[in-house]
Structure formats: C-alpha cells, structure tokens
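Worksheet: one structure, shown below.
Model, not experiment: these values are computed from the prediction.
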Amino acid sequence: MYLIGLIAFLISLPILGIAGAWLQLDAAAIDALHQQMQTVLPGYLVTSAWLALFVTLGVIAIGAATAVTIGLFEFRGKRFFAWALLLPMAMPAYVCAYAYTDFLQYGGAVQTSLRALWPGFRFDVRSLAGAIFLFIFTLYPYAYLLARNALGERGVHLMEAARLLGTPLSARIRRVALPLARPALMAGAALALMETLADYGVSAYFGLTTFTTGIYKAWMVMDDRIAAAQYASLLLLFVAVLLWLERREQGRMRFATVRGNRANGAEARLPVLRGAREALAWLVCATPVLLGFVLPVLILLQLMWRESELSMATNLARYAGWTWNSFRFGGLAAAIAVVLALALGFAQRAGGLPRFQSTFLRLVARLAAMGYAIPGSVIAIGILLPVAWLQATFPGSGAGVWLTATALGVIYAYLVRFTAVAMQSVEAGYTRIPASLDEAARTMGASRSRIVHKLHMPLLWRSLATGALMVFVDVVKELPATLLLRPFNTDTLAVIAHNLARDERLGEAALPALSIVLVGLIPVMLVTRALRRY
C-alpha cells in the first residue's frame, strides 16, 4: 500500500501543483489576471471555442458517414476501406500541418493553378480554418471506430427488421442507425476534442492563440508561472468535463450493445451497393483516407526527395541522434509504465482489503486514467510549479537540478500522461485470468511476488507487450511536454520536426516527420488485427 500511495501522490502532483497556483494570488497577481482577461484571455477562449465546435461537428459527420457505410452495407473494396480508414490515426496533426503548408502555399502549384482559373483567389492554410480541416481529417477515426463497433453489434439486425417493415433506406439510416450510433459518436468526438485541445504543434505552427500556446508563451516567453498555471487550470477543468461526458456516453453505449447469435447474423444480410450508390460509398470512404493520410505522406516523401541533394550524410548523422533520443525516452517510459500498471492491476485484483484501502485503490486508478486526458503542456506546468516552489523554499534541496531540463523530468511527465495506456492493457489482460488460479497458488503457499512473477507475467505477456508498445508510440509523438522539459541539446523526432518546420525548413523536417508516422502505424496495425479477430 505504501508503494501505491507513492504512485498516487506522484500521479496527482501535477494536478495539485496547478490547483495550488490559485492559492498564491496576491494583489499583483490579481491585477495581472484582470489585465489578461481584458487582453489575451478572450482570444484564447474564442479560438479554442471555434476549434472545439467545428472539429466536433466535422468528426461526428465524417465518423457517422464512414461507420454507416462500412458497418451496414456491402460493396467492392469494403475490406480495404475498413482498415484504411484507421490510417489517419498514425498521422499526428502537426505532421499533417507541415505537409499541407508546403502543398498549399501561395506560390505553389495548387494555388497558382486556381488563380489562373479564378484571379484573385487566395487561401492561407495556416489559419483557423486550416487547423479545423487538419484536426477533422486526422481525428475522425475515433468516432468512426467506436460507431462502427456499435453498429456492427446490433445495427445490422435492427436495420433488417426495419426493412421488413417497409421502411425506406434513407429513413432506416436516419431513424435507426444514427440514433443507435449516437453515444459512440459522442464518445469519439469527446476523445477527438481532447486531442485538439491538447495539441501544441498545429496551433504554434499556424500562429493560433489557443490555451496550449498561451500556456507555453506565459511560461517560456513572459516568465509568468502564475498565468501559465491559471491557463492550465482552465484547460484542465474543460478536459475534466469532456472526460466525464465521454465516460457517460461510453456507459450509455452498453445499453445499445447486445450480442447477437450466429443464426440471427446469418439471417440479417447487408444491402449490396451497385452503380451510383457504390461510387458514393467509395467517395465517402476514400476522401478521408486521401486527405488524412495518403496525400500528406506523398507530400512529405516529395519534400524529402527534394532535399536529398543537400548534405544528406550530415542530415542522416543528426537524424540518428534524434531517433536515439526518441527511442531512449520511449523505451524507458514504456518499461516503467508497464511496471506501474502491473503493480496497480495486481493491487486491485488481490482483494480482501479493508474498505478504505479498496476505495483508495479505485481513486488511484481514476487518477492514473485521467492522466491520458490531460494535455502534455498542462502536465509540464504542473511539474515545474512544485519544483519552482521547492527550489525557492528549500534552496539546498536540488529539486530543480533533478527535474528541470533533465531526462528524469521528461520521463516523469510521460509516466503521468501515459501510464493509463498501459493500465488499460494490463487490466484487460487480468480479466482473462481466473481468480481461482490465484487462490490455488496461495493455498500452495506462494507469496504475492511469486504469484506475479511465476503465474501472472507468463499469462500477461501479450498485454504487457501491447501496453509497452502503445506507451512507446505515444511518447515518440508527444510534443508540448517534451518541448518544456527536455534537457538542453536533446531533441527528439517530434521536437526537431517542429523546430525545422517553424524555421520554414520543411524539406529537412520531412524525414523525422515520416519517421513519426511510421512508428504511429504500429498501433493502427494492432487495432486492425484485433478488429479482424473480433
């Protein structure tokens, strides 16, 4: 229990640090907050609100269209699109932003051709509209995946029943399929919205004034830790509301997911699309894949090929260093996260604990699960604030030396944010191990450590490996926490891609950006494999 208590304290420390900033308000801080409310804060609120609104609507629209098309109809190419629609999950939004900035620049071939047809035409992708476009086409898979699963479990049978009652196809989709998928769509939209609010790369690269860029500017440019904590607390509050809504919708999904038997599945046949309807299905499925994955990858490959003549040997040597840093941080964070997840999972499974300790374990699990929903910039500020307070209160403690601009500080931020990913995998693995095995081992006199080492770990190795892999991929893609906490002269693939793109060196940014996409394909392959088995 002492270990679990320490884990709980470390996980909750960033949140406590942000909340504690409001206790440090004095007259000067209140006056500064009043000035911010009259100057920059309305801009952060308006921009973030527009992003939230239109990204939510776009993700729901595309997620619903693709899920209904794949889940309720048969057409040529359906199997290909079923997994291809998940490919944009491997494309971080900031990488997509670098690609489209080069492709749609004012002097590029696209805008030049359009101006030849419509003189005076001009479109700036580095804008709020461009950011909305990028977030929609890289985050819609959240809604698509959840809605597709919801429709696949019962939607086919209800659609068949409605058809037998003489309901037209359009009415069946509108009155049966979409209401059935609504909780899943809302849950997916909430996840996409949390990713949008947590993003720093797109907002910073496009020059948008969102809460995430405001946090970074307040800390790094203005050197105002109180303002940074206040922005972080507002963003954290909004994320907490989204997390609550997402859990509520996930709970409502259980009422709509009833397993059907094989006989019913055989009777309910999917309508087969032909002709114009088949072409429309292809258009609905191909457009998100093209805009969210295929086109950005082709642009990045073209950029990398264009830069191949410029000191490629030097670039490759530097690239090896960036790759090593990303893999080093990712490997360490993945290994520690899996160990923590295994400890928390076993502690919850052990049973026989007093009511207080059982409640405490559930609270710890909730705190760990919330970490994944917290933006990396918020976690970084939550770590830096207590460190700054300790350093000011106890100058000889050396807290700043240990956690400020060090690998330990970066790994700690990764663990706060991504331990939840490993916990989900480990808990899912534990549900497949009967409790009777533990009871038999205890009857034979095995200690808890021996049960974990000799019994659980051999049975959980797939879940542990999957959890470690998912944490590793998330660490490689993480940008804001790494920017704020990384050691000096230590750049990862995500950081160097952002820095090169910010300096308008898009050709050099293409290689690390493509490497991030390649690593991101790993969980997409795992999800696709799991769906095929399902």
Please report the interatomic distance CG(Leu85) to OH(Tyr144), rounded to the nearest 0.5 Å. 4.5 Å
To the nearest 0.5 Å, tell me how far Asp124 CG sits from Leu104 CG. 10.0 Å
Would you verify whether the NZ or CZ of Arg126 falls within 45 degrees of the ring axis of Tyr205 while also being under 6.0 Å from that six-membered ring's centre? yes
I'd like to know if the side chain of Lys477 and the backbone of Gly520 have a donor-acceptor N/O pair within less than 3.5 Å. no
With sequence neighbours left out, the residues meeting salt bridge (Lys or Arg N to Asp or Glu O under 4.0 Å) with Arg505 are Glu508
State the CG-CZ distance between Leu303 and Phe103, to the nearest 0.5 angstrom. 11.0 Å
When you compare the side chain of Phe75 with that of Ile70, does any pair of heavy atoms fall below 4.5 Å? yes
Phe327 and Phe472: aromatic ring centres closer than 6.0 Å? yes
Drop me the distance from Thr56's OG1 to Met186's CE, to the nearest 0.5 angstrom. 7.5 Å
Should the pair Glu74-Arg277 be classified as a salt bridge under the 4.0 Å nitrogen-to-oxygen rule? no
Indicate the ring-plane relationship of His498 and Tyr98, choosing parallel, tilted or perpendicular according to the 30° and 60° boundaries. tilted
Strictly distance-based, threshold 3.5 Å: is any side-chain N or O of Trp83 a donor or acceptor partner for the main-chain N or O of Met525? no
Those residues at least two apart in sequence (or on a different chain) that pass side-chain contact (heavy atoms from CB on, under 4.5 Å) with Ile496 are Trp322, Asp491, Leu500, Pro512
With sequence neighbours left out, what residues match Thr482 under side-chain contact (heavy atoms from CB on, under 4.5 Å)? Tyr414, Glu478, Arg486, Thr492, Val495
Using ring pair (Phe, Tyr, Trp, His ring centres under 6.0 Å), reason through Phe133 and Tyr100 one step at a time and then give a plain yes or no. CA-CA 10 Å; Phe133 169 84; Tyr100 274 109; 5.5 Å; yes
Euclidean distance, Thr196 OG1 relative to Leu139 CG, rounded to 0.5 Å: 5.0 Å
Look only at the side chain of Ser203 and the backbone of Thr210, and say whether a donor-acceptor pair between them is shorter than 3.5 Å. no
Main-chain N/O of Leu45 paired to Ser48 side chain as donor or acceptor, under 3.5 Å: no
Asp102 meets the salt bridge (Lys or Arg N to Asp or Glu O under 4.0 Å) criterion, sequence neighbours left out, with Arg306
With sequence neighbours excluded, what pairs up with Pro88 under the side-chain contact (heavy atoms from CB on, under 4.5 Å) test? Tyr140, Pro141, Phe293
Flag, side chain of Thr419 to backbone of Ala337, donor-acceptor distance under 3.5 Å: no
Between Val338 and Val471, is there a side-chain heavy-atom distance shorter than 4.5 Å? no
For Ala131, what residues pass the side-chain contact (heavy atoms from CB on, under 4.5 Å) criterion, not counting sequence neighbours? Leu51, Phe135, Val202, Phe206, Leu208
Contact check, side chains of Trp282 and Phe81, non-hydrogen atoms, under 4.5 Å: yes
